[in-house]
Amino acid sequence: FLRRNSKAGSVDIRHHWMSKYILEACLVSYELAHIPPSKMAASSLLLSLKLHTPENEMKKLWNANLTYYSGYDLDSLKYTVARVADVVKDAHNSKLNAAYVKYSSESHQSIATSVNENPKSIEILNHLAKGNIH
């Protein structure tokens with residue numbers, strides 16, 4: 001699902017890798033176990049796009065092409081994005097932080113540390129985790 005969405009959105013490799021990190025970090029969250037994998041992939045890509053381009057609004061990031069190919073519009077992703085942001089903002093402090101450790105390595109371009117050490121990214125994650133998605 002993620003590869004299809006990444007191709008539909010013509011995203012670069014860094015967006016795709018960050019989305020993979022987000023998905024893997026969420027695998028250990030029981031709260032997200034009931035959400036379909038296709039919706040998790042779409043939500044992780046949307047969150048990745050927002051973290052890379054914080055100045056853009058979500059409705060601009062999640063374009064018609066992504067809506068069509070993922071099968072999800074922005075409104076249907078809001079709840080999941082908020083829950084995913086909540087997991088990712090605390091991934092580095094979690095006992096189950098294997099995804100954070102994996103994606104902090106140079107072989108994975110230090111994607112995880114770029115999220116958790118960037119004040120703007122932390123601000124966005126905290127904002128989204130509270131359900132403030134627009």
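FYI, the numbering just counts along the sequence from 1. Values below: all heavy atoms of this structure, side chains included; hydrogens, waters and symmetry mates excluded.
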Search all heavy atoms of [X] against all heavy atoms of [Y] and return the closest pair with its distance.
X	Y	answer
Asn63	Leu66	OD1-N, 2.8 Å
Ser76	Lys39	O-CE, 2.9 Å
Ala91	Tyr21	CB-OH, 3.5 Å

Cluster link [X] to [Y], ILVMFWY, side chain under 4.5 Å:
X	Y	answer
Trp62	Phe1	no
Val115	Met58	yes
Ile122	Leu47	no
Val11	Tyr72	yes
Leu2	Leu61	yes

Worksheet item: Are side-chain heavy atoms of Asn56 and Leu49 found at a separation under 4.5 Å?
Response: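 No; the side chains remain at least 4.5 Å from each other.
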
Rounded to the nearest 0.5 Å, what's the gap from [atom1] on [X] to [atom2] on [Y]? Could you check?
X	Y	atom1	atom2	result
Leu77	Met40	CG	CE	11.0 Å
Lys78	Leu46	NZ	CG	10.5 Å
Ser43	Leu23	OG	CG	9.0 Å
Asn97	Asp90	CG	CG	12.0 Å
Ser114	Tyr103	OG	OH	12.5 Å
Lys89	Ile124	NZ	CD1	14.5 Å

Discussion item. Assess the residue pair Leu51 and Leu125 against the criterion (side-chain contact (heavy atoms from CB on, under 4.5 Å)); give the C-alpha distance rounded to whole Å, side-chain angles, the decisive distance to 0.1 Å, and a yes or no.
Written reply: CA-CA 8 Å; Leu51 290 172; Leu125 290 171; 4.2 Å; yes

Fill in: Verdict with supporting geometry, Val87 and Val84, side-chain contact (heavy atoms from CB on, under 4.5 Å)
CA-CA 5 Å; Val87 170; Val84 167; 5.8 Å; no

Discussion item. How about CZ on Arg4, more than 12 heavy atoms from neighbouring residues, nucleotides or ligands closer than 6.0 Å, or not?
Written reply: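 It does not: Arg4 CZ has 12 such atoms or fewer within range.
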
Worksheet item: Is there a donor in the side chain of His16 and an acceptor in the side chain of Ser6, or the other way round, less than 3.5 Å apart?
Response: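 Indeed, the side chains of His16 and Ser6 share at least one donor-acceptor pair under 3.5 Å.
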
Discussion item. Is a donor from one side chain sitting under 3.5 angstrom from an acceptor on the other, for Asn116 and Thr113?
Written reply: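 Judged by distance alone, the side chains do not pair up.
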
Practice prompt. Answer yes or no: is there a donor N or O on one side and an acceptor on the other, between the side chain of Ser48 and the main chain of Met18, under 3.5 Å?
Written response: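 No.
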
Practice prompt. Give a yes or no on whether the backbone of Lys50 and the side-chain of Thr53 come within a donor-acceptor separation of less than 3.5 Å.
Written response: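 Looks like no, no N/O pair under 3.5 Å.
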
With a 3.5 Å cut-off and sequence neighbours excluded, list the donor-acceptor pairs that the side chains of residues 25-37 form with protein atoms.
from, atom 1, to, atom 2, distance (Å)
Glu31, OE2, Arg83, NE, 3.3
His34, ND1, Glu31, O, 3.2

Practice prompt. Verify side-chain contact (heavy atoms from CB on, under 4.5 Å) between Val101 and His108, making sure each step is shown before the conclusion.
Written response: CA-CA 10 Å; Val101 171; His108 287 92; over 6 Å; no

